[in-house]
There are 2 protein chains.
Amino acid sequence: MTSHDHLAELHEQAADRLHGDGQRYTPQRRLLVGLLAELDQPVTIPQLLEHQPDLAQSSAYRNLAVLERAGVVHRIVTTDEFARYELTEDLTQHHHHHLICESCGDVSDFTVPHQVEADLEAAVAKVARRTGFTVTDHRFDLVGTCARCSA
Amino acid sequence: MTSHDHLAELHEQAADRLHGDGQRYTPQRRLLVGLLAELDQPVTIPQLLEHQPDLAQSSAYRNLAVLERAGVVHRIVTTDEFARYELTEDLTQHHHHHLICESCGDVSDFTVPHQVEADLEAAVAKVARRTGFTVTDHRFDLVGTCARCSA
DNA sequence: ATTTATGCAAATCGTTTGCAAACCT
DNA sequence: AGGTTTGCAAACGATTTGCATAAAT
């Protein structure tokens, strides 16, 4: 499967989810999805606008909110003042976690061994049972200093 | 050891850390530390002001920032618009994680079995080695709906 | 034609900051 | 006195919203 096919499939899935939510897959929404796929790491809205200066800021906020409600993008809040957006895990095919750099604010992805992930899941299930909390998502993020900033 | 002793020790440790950072342990800072100890869960500044309406909002923000720099409190950002504050783990003696309710915004603590925590630590160390990232903190939080909200 | 999306500018709201009075030491 | 902390009100800045225009169906 070529990268082009991947992209085509991604857009198709995005369109499906938006339509399922009664929304259109407009050119600008398609553009945002394409950008997020290309950048392949959680990005802020200012970063998106840098790549695409002709996007209106308010429309970017609005469309990312629409995409989030439809389950196409995921919004993450770290430690700084900007929210970051990335494609949802089930569109990118891999469950991952985040390395959050407190110095430059950058966020990158990492994965843990399958066994560790399975243990985490088991612990989550137990906590849920014990507390009556309904878990929809878990986050296992590392906070610190990235290689570039500590150099 | 009585709860009174606990509190006295807490204040002593807080004072030490502030002094080590060249700061004073003023009555208002002591009040904030006492409140956080009493509430025993991450709270927003509006919540703190509810409990202590005579606190000036700006001073609360400023003093919590001072306490954070001195390592007495920890600031956490969840999914809503408010930052939350709690005493740092080494002052409360137990490593814990957070249950974040997307419905009411409430944050409560939970712990996982020691073995799971150890596996996590090992995975963290491996990722750090592989990526050159210096890890100062990890967060393992569950996002979902609390028992009260799903009732 | 009617509904939905877009872009601009203005509003919102948690948080930060300037400044003068109160408080240490 | 000299430096710090406090409280008020004003400023800040990321995000949201009102409204008029432009697409889309």
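Note that these values count all heavy atoms, side chains included, but never hydrogens, waters or copies made by symmetry. Everything quoted here is computed from the prediction, not taken from an experiment. Naming convention: chains lettered A, B, ... in sequence-line order (proteins, then strands); numbering from 1 in each chain.
Here the P atom of nucleotide C:dT6 and the CZ atom of A:Arg30 are 14 Å apart, to the nearest Å. Taking atom NE2 of residue A:His19 and atom P of nucleotide D:dA24, one finds them 13 Å apart after rounding to whole Å. Taking atom OH of residue B:Tyr85 and atom P of nucleotide C:dG14, one finds them 13 Å apart after rounding to whole Å. Following rounding to the nearest Å, B:Leu55 (CG) and D:dT5 (P) show an atom-to-atom distance of 16 Å. Put simply, CG on A:Leu32 is 14 Å from P on C:dA5, counting in whole angstrom units. Distance CD (A:Gln23) to P (D:dA23): 20 Å, rounded to an integer number of Å. Atom-to-atom, CD of A:Gln28 to C1' of D:dA24 comes out at 15 Å; the value is rounded to the nearest Å. One can place CZ of B:Arg29 at 12 Å from C1' of C:dC23, the figure rounded to the nearest angstrom.
For the atom pair A:Thr44 OG1 and A:Glu81 CD, the distance stands at 10.0 Å (nearest 0.5 Å). Taking CG from A:Asp141 and OG1 from A:Thr78, the interatomic distance works out to 9.0 Å, rounded to the nearest 0.5 Å.
When the side-chain nitrogen and oxygen atoms of A:Ser59 are compared with OP1 and OP2 of C:dA5, none of them lie within a distance under 4.0 Å. A close approach under 4.0 Å does not occur between any side-chain nitrogen or oxygen of A:Gln57 and OP1 or OP2 of C:dA9.
Taken residue by residue, residues 33-52 of chain B places no heavy atom nearer than 4.0 Å to DNA chain C. Contacts between residues 60-82 of chain A and DNA chain C, defined by a heavy-atom separation under 4.0 Å, are made by A:Arg62, A:Asn63.
Evaluation of the side-chain hydrogen bond (donor to acceptor under 3.5 Å, both in side chains) rule for A:Arg17 yields A:Asp90 as partners, not counting sequence neighbours.
The aromatic rings of B:His97 and B:Phe110 lie tilted to each other, with the angle between the two planes from 30° to 60°.
Among the protein residues, B:Thr26 comes within range of the sugar-phosphate backbone only, with heavy atoms under 4.0 Å from sugar or phosphate atoms but none that close to a base.
Side-chain proximity of A:Arg24 to D:dG7, C:dT4, C:dG7: nearest is C:dT4. Here the side chain of B:Ser58 is nearest to one of D:dG7, C:dG7, C:dT3, namely D:dG7.
Heavy atoms of other residues, nucleotides or ligands lying less than 6.0 angstrom from NE2 of A:His114 number 12 at most.
Checked against the 6.0 Å centroid criterion, the rings of A:His11 and A:His6 do not qualify as a close aromatic pair.
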